[in-house]
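Everything below concerns the one structure shown next.
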Amino acid sequence: MTALGFLYPGHSAEDDYPRIEQLLGSDIRLQVVHTDIGEDAHRVDALVEMGSPDRLAAGVGELRLAGAEAVVWACTSGSFVHGWQGAHDQVRALATAAGLPASSTSFAFTHALRELGARRVAVAATYPEDIAALFAAFLRDAGAEVLSVRGSGIVTAAEVGTWGEEQVLALAREGDHPEAEVVLLPDTALHTASHVPALEKELGKPVLTANQVTVWEALRLTDRRVNAPELGALFTKEPIVQV
């Protein structure tokens, strides 16, 4: 069995994780530990505090006891808000505190784009415009060409967590760009685990969502690859066969 650990801020769309575990359909277990969210606000100062070293370190003991082989900070805005270098520092501190390979959802998006061989992206975000722009800047630092950025002006994760499939589909449609190879939905507070096939069918291209890429990143850290078509194109790319 492979046990994967996730530090998830507060409570909003954490039920995506048991859903994803079910869709993986193998010997993989997803262990979620909730971190103290502090102030629920998509605002720079609140997000910086949400992803502070002390808040993340507080949850790693429970993940170690659960046998986690890797840990991912399951929060996009609470990682990219630190900037490219700051997000690297955050992950290094988390790896040190946990004694495990570590990453964050922001880096999961950049690694997933590389896995898909995609560079031109559209961002469809629930965030306010200024926070969505910070995510776009992070992606550009990773080498992506961000063709469009749509913010929705939602301030709290609690509100995002109430969105249903129709709202998620509308967000993706409105945030798409005709020249984008992939559309990114970056908020882990958004329920998307059950909607990826519908999203990709609607847009006719791969769609990367926050909780989806977060789990994929944890699998990457443990050198596991699972073919799970119900989780989208990212989970159907086959490994290179060497003869």
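Note that the numbering runs from 1 along the sequence shown for the chain. Just so it is clear, the structure is predicted and the values come from calculations on it, not from any experiment. In what follows, every heavy atom counts, from backbone to side chain, and hydrogens, waters and symmetry copies are set aside.
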Residues 28-39 vs salt bridge (Lys or Arg N to Asp or Glu O under 4.0 Å), sequence neighbours excluded, gives D36-R55, E39-R43

F235 and side-chain contact (heavy atoms from CB on, under 4.5 Å): which partner among N227, L23, L24, V196? L24

Between E69 and R224, is there a salt bridge with N-O shorter than 4.0 Å? no

Are any non-hydrogen side-chain atoms of L56 and Q90 less than 4.5 angstrom apart? yes

With the 4.5 Å side-chain cut-off for hydrophobic clustering, are L184 and L203 part of the same group? no

Between F107 and W84, what is the ring plane arrangement, given parallel below 30°, perpendicular above 60°, and tilted in between? perpendicular

How many angstroms lie between atom CZ of R92 and atom NE2 of H88, to the nearest 0.5 angstrom? 7.0 Å

State, yes or no, whether a side-chain contact exists between R220 and R225 at a heavy-atom distance under 4.5 Å. no

Lys/Arg N to Asp/Glu carboxylate O, R150 vs D176, below 4.0 Å: no

Take the angle between the ring planes of F80 and F135 and call it parallel below 30°, perpendicular above 60°, tilted in between. tilted

Contacts of type side chain to side chain contact (heavy atoms under 4.5 Å, CB included), residue A125, not counting sequence neighbours: V123, Y127, A132, P186

Mind listing the closest non-hydrogen atom pair of C75 and T188 along with its distance? CA-OG1, 3.9 Å

Over all atoms of both residues, closest heavy-atom pair of P9 and L7: CD-O, 4.0 Å

Closest approach of E21 to L30 (non-hydrogen atoms, all atoms of both residues): OE1-N, 2.7 Å

Quick one: does D187's side chain get under 4.5 Å of T76's, heavy atoms only? no

Report yes or no: do V213 and V72 belong to one cluster of Ile/Leu/Val/Met/Phe/Trp/Tyr joined by side chain heavy-atom distances under 4.5 Å? yes

Donor-acceptor side-chain pairing of H191 and D16 below 3.5 angstrom: no

Note: R119-E145 ion pair, threshold 4.0 Å (strictly below): yes

Are I154 and I37 connected into the same hydrophobic cluster when the rule is that any two of I, L, V, M, F, W, Y join if their side-chain heavy atoms are below 4.5 Å apart? no

Pairwise side-chain contact, I131 with V44, heavy-atom cut-off 4.5 Å (strictly under): yes

Please determine if K205 and E200 form a salt bridge, counting it only when a charged side-chain N lies under 4.0 Å from a carboxylate O. no

Are the side chains of E14 and F6 in touch, meaning some heavy atoms are under 4.5 Å apart? no

T35 side chain reached by Y8 side chain, heavy atoms, under 4.5 Å: no

Is V207 linked to L234 within one hydrophobic cluster, defined over Ile, Leu, Val, Met, Phe, Trp and Tyr using a side-chain heavy-atom separation of less than 4.5 Å? no

Heavy-atom donor-acceptor pair, H82 side chain to A87 backbone, under 3.5 Å: no

Do S106 and W73 have side-chain heavy atoms sitting under 4.5 Å apart? no

Pick out which of L199, V183, V121, L116 makes a side-chain contact (heavy atoms from CB on, under 4.5 Å) with L208. L116

Side chains of L190 and T209 in contact at under 4.5 Å (non-hydrogen atoms): no

